[in-house]
Student: 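First, the structure itself, so that you have it in front of you.
This one's a predicted model, so the numbers in the text were calculated from it and none came from an experiment. In each ligand, atom 1 is the first atom listed, and ligand 1 is the first ligand listed. The basis for the numbers below is simple: all heavy atoms, side chains too, and nothing from hydrogens, waters or symmetry mates.
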Amino acid sequence: MKILLVEDDSRIAEVIAVAFSVRWPEAEMVSTSLGQEAIIKVETEHPDLMVLDLGLPDIDGFDVLKQVRLFSTVPIIILTARDEESSIVKGLEWGADDYIIKPFRQLELMSRAQALMRRYHLISQVAIPDYRDLHFGQSAHQLFVGKRQVSLTSNEVVLLTHLMRNAEKVVPTSRLADAIWGMDYPGSHEAIRVYIHRLRIKIEDDPNHPQYIHTYPRVGYSLQEKQL
Ligand code: CA
């Protein structure tokens, strides 16, 4: 397993590297303090996980996220001091799998990283369903909408496959949170709303008038032919 750490504060980078080496002694750490270099390293090193700081000396971490998501579904955890809700939503909207605010507890980072790796590996093993025009390619990250191919991040795969297995039923938001994080934590419903929005942009012809994923306010979401 290879972890790419993008962090310009050497003290924090050191703490994170030590925490990972204790939890996953076999993990290889690759690190950089620069955003541009981070993008290149995702391409050349093929990391299994990326921990991304937002305040970097060259380009903003959001730009790193945006560019990486153009070609990679690598699991990404944003680790930043920016705690405004708009920042969190933007991070999730642009394809981060998780968002942790500094100062953070090492234990929290480790358990979130572990949960993310677990679902990333799980989704490559489970049988993946089809639904109407939606079917998966060789990997669970590769979805075909008719003939059009889109790539999905780990959380999007978990959400969509969960909705597919429960097609035509309304799935409560708390159950979707449970499917992603193994629990329903404060803020998770907002994060799911953002992920659903991203999924719609990828699969719907018109995300504002969805034909696949329907919202049931204060209840949950449903993958179905049309509104009940
Ligand atoms: Ca920084």
Student: Decide, yes or no, whether a salt bridge links Asp206 with Arg200 under the criterion of side-chain N to carboxylate O below 4.0 Å.
Tutor: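 Between Arg200 and Asp206 there is no salt bridge, as every charged N stays at least 4.0 Å from the carboxylate O atoms.
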
Student: Can you list, by chain and residue number, the protein N, O or S atoms under 3.0 Å from the Ca ion (ligand 1)?
Tutor: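 Only Asp8 OD1, Asp53 OD2, Gly55 O fall inside 3.0 Å of the Ca ion (ligand 1).
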
Student: Mind checking salt bridge (charged side-chain N to carboxylate O under 4.0 Å, His left out) for Arg11 and listing every partner two or more places apart, or none if nothing turns up?
Tutor: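 Arg11 satisfies salt bridge (charged side-chain N to carboxylate O under 4.0 Å, His left out) with Asp9 only.
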
Student: Using the side-chain contact (heavy atoms from CB on, under 4.5 Å) rule, pick out the option among Ile39, Val6, Thr73, Leu52 that qualifies with Val68.
Tutor: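 That would be Ile39.
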
Student: Please report, to 0.1 Å, the donor-acceptor pairs under 3.5 Å made by any side chain of residues 79-86, with sequence neighbours excluded.
Tutor:
residue, atom, partner, partner atom, Å
Thr80, OG1, Arg82, N, 3.0
Arg82, NH1, Asp60, OD1, 3.4
Arg82, NH2, Asp60, OD1, 2.9

Student: Is any side-chain N of the basic residue among Glu26 and Lys2 closer than 4.0 Å to the acidic one's carboxylate O?
Tutor: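 No, Glu26 and Lys2 are not salt-bridged.
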
Student: Pairs under 3.5 angstrom only: tabulate donor-acceptor contacts from the side chains of residues 139-155 to other protein residues two or more places apart or in another chain.
Tutor:
residue, atom, partner, partner atom, Å
Ser139, OG, His141, N, 2.9
His141, ND1, Leu152, O, 2.8
Gln142, OE1, Gln138, N, 2.9
Arg148, NH1, Lys202, O, 3.1
Arg148, NH2, Lys202, O, 3.0
Asn155, OD1, Arg119, NE, 2.8
Asn155, OD1, Arg119, NH2, 3.1
Asn155, ND2, Asp97, O, 2.7
Asn155, ND2, Tyr195, OH, 2.9

